[in-house]
Amino acid sequence: MDQKPAQVPGERVVLLDMLVVVFWLQAVLAVAGTLTGLWLAVADGGRLDSLAVGLAVVALGIAALLWAFGRAIRRGKTWFRGPAITLELISIAAVISSWNDLDPLIAIAILATALAAGVLMFVPAVLTATTNPARGRGAYPSDE
């Protein structure tokens, strides 16, 4: 049973490029939200407390991870898919659970980008392009 290669060399899957844009948009939104939150914390009380700094560090870490996902796609790596799906599911759960506490525009932006990334990761063309070619050659043990 011969498997086709995941992607012809030199051929770009447009949906992969869309996924990169969504990941990078999420990263930019995370950085913008972090900077806005820090600015409001400083403007409000004149000092940063440990909670604001801790949340800023976590948000910047998530932004770095999202940026790394985009770079991994551009480089043809396949490691990003599992962590990206997990991060998008956590994002969706966090937004839905705190829907009433968030500004509607922010909640919709987070939810829309998370859903877009989640859907794009399961489109057959993206799955094919991001599946490790060794899986089709029997490099992984089969369930018997």
Side-chain angles (χ1 to χ4, degrees), residues 3-137 139-143:
Q3 293 280 338
K4 293 190 317 184
Q7 185 175 353
V8 177
E11 177 186 343
R12 294 288 309 157
V13 177
V14 175
L15 293 174
L16 276 177
D17 292 334
M18 289 174 59
L19 186 58
V20 169
V21 169
V22 170
F23 281 145
W24 287 351
L25 176 64
Q26 286 179 316
V28 168
L29 289 173
V31 170
T34 301
L35 294 177
T36 303
L38 290 175
W39 175 261
L40 292 175
V42 169
D44 184 34
R47 66 180 184 82
L48 292 175
D49 60 349
S50 60
L51 178 63
V53 172
L55 289 174
V57 168
V58 169
L60 291 176
I62 290 171
L65 190 60
L66 288 162
W67 196 264
F69 292 162
R71 285 184 52 115
I73 294 170
R74 300 291 292 170
R75 293 181 176 184
K77 306 294 183 188
T78 61
W79 64 263
F80 78 92
R81 202 168 56 191
I85 292 168
T86 304
L87 183 62
E88 299 306 339
L89 288 174
I90 291 171
S91 297
I92 291 168
V95 166
I96 289 174
S97 66
S98 60
W99 188 267
N100 291 332
D101 299 329
L102 293 173
D103 181 76
L105 184 61
I106 294 171
I108 290 170
I110 295 170
L111 188 61
T113 56
L115 286 173
V119 168
L120 282 171
M121 282 188 279
F122 286 104
V123 172
V126 174
L127 279 174
T128 302
T130 59
T131 299
N132 191 336
R135 182 175 284 285
R137 292 193 307 265
Y140 296 100
S142 62
D143 298 284

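Fair warning: this is a prediction, and the values are worked out from it, not measured in the lab.
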Provide the closest heavy-atom pair for Trp79 versus Pro83 in the form atom of the first, atom of the second, distance.
-> O-CD, 3.2 Å
Is there side-chain contact between Val42 and Leu38, with heavy atoms separated by less than 4.5 Å?
-> no
Step by step, would you call Phe69 with Leu19 a side-chain contact (heavy atoms from CB on, under 4.5 Å)?
-> CA-CA 9 Å; Phe69 292 162; Leu19 186 58; over 6 Å; no
Please round to the nearest 0.5 Å and tell me the distance separating atom CG of Leu16 and atom OG1 of Thr128.
-> 10.0 Å
When rounded to the nearest 0.5 angstrom, what is the spacing between CG in Leu102 and CD1 in Ile108?
-> 11.0 Å
d(Leu65 CG, Gln26 CD) to nearest 0.5 Å is 10.5 Å
Do Leu66 and Glu88 have side-chain heavy atoms sitting under 4.5 Å apart?
-> yes
Report the relative orientation of the aromatic rings in Trp67 and Trp24; use parallel for angles under 30°, tilted for 30 to 60°, perpendicular for over 60°.
-> parallel
Got a second to check how far Thr131's OG1 is from Arg81's CZ, nearest 0.5 Å?
-> 4.0 Å
Reported CD1-to-CG distance for the pair Ile62 and Leu29, which is rounded to 0.5 angstrom | 12.5 Å
Kindly give the heavy-atom pair with the smallest separation between Val20 and Gly70, and that separation in Å.
-> CG2-O, 3.8 Å
Could you list the donor-acceptor pairs under 3.5 angstrom formed between side-chain atoms of residues 89-100 and any protein atom two or more places apart in sequence or on another chain?
from, atom 1, to, atom 2, distance (Å)
Ser91, OG, Leu87, O, 2.9
Ser97, OG, Ala93, O, 3.1
Ser97, OG, Ala94, O, 3.0
Ser98, OG, Ala94, O, 2.7

Side-chain contact, heavy-atom cut-off 4.5 Å: Leu60 with Val31?
-> yes
How long is the gap from CE on Met121 to CG on Leu127, to the nearest 0.5 Å?
-> 10.0 Å
Is any side-chain heavy atom of Asp17 less than 4.5 Å from a side-chain heavy atom of Arg74?
-> yes
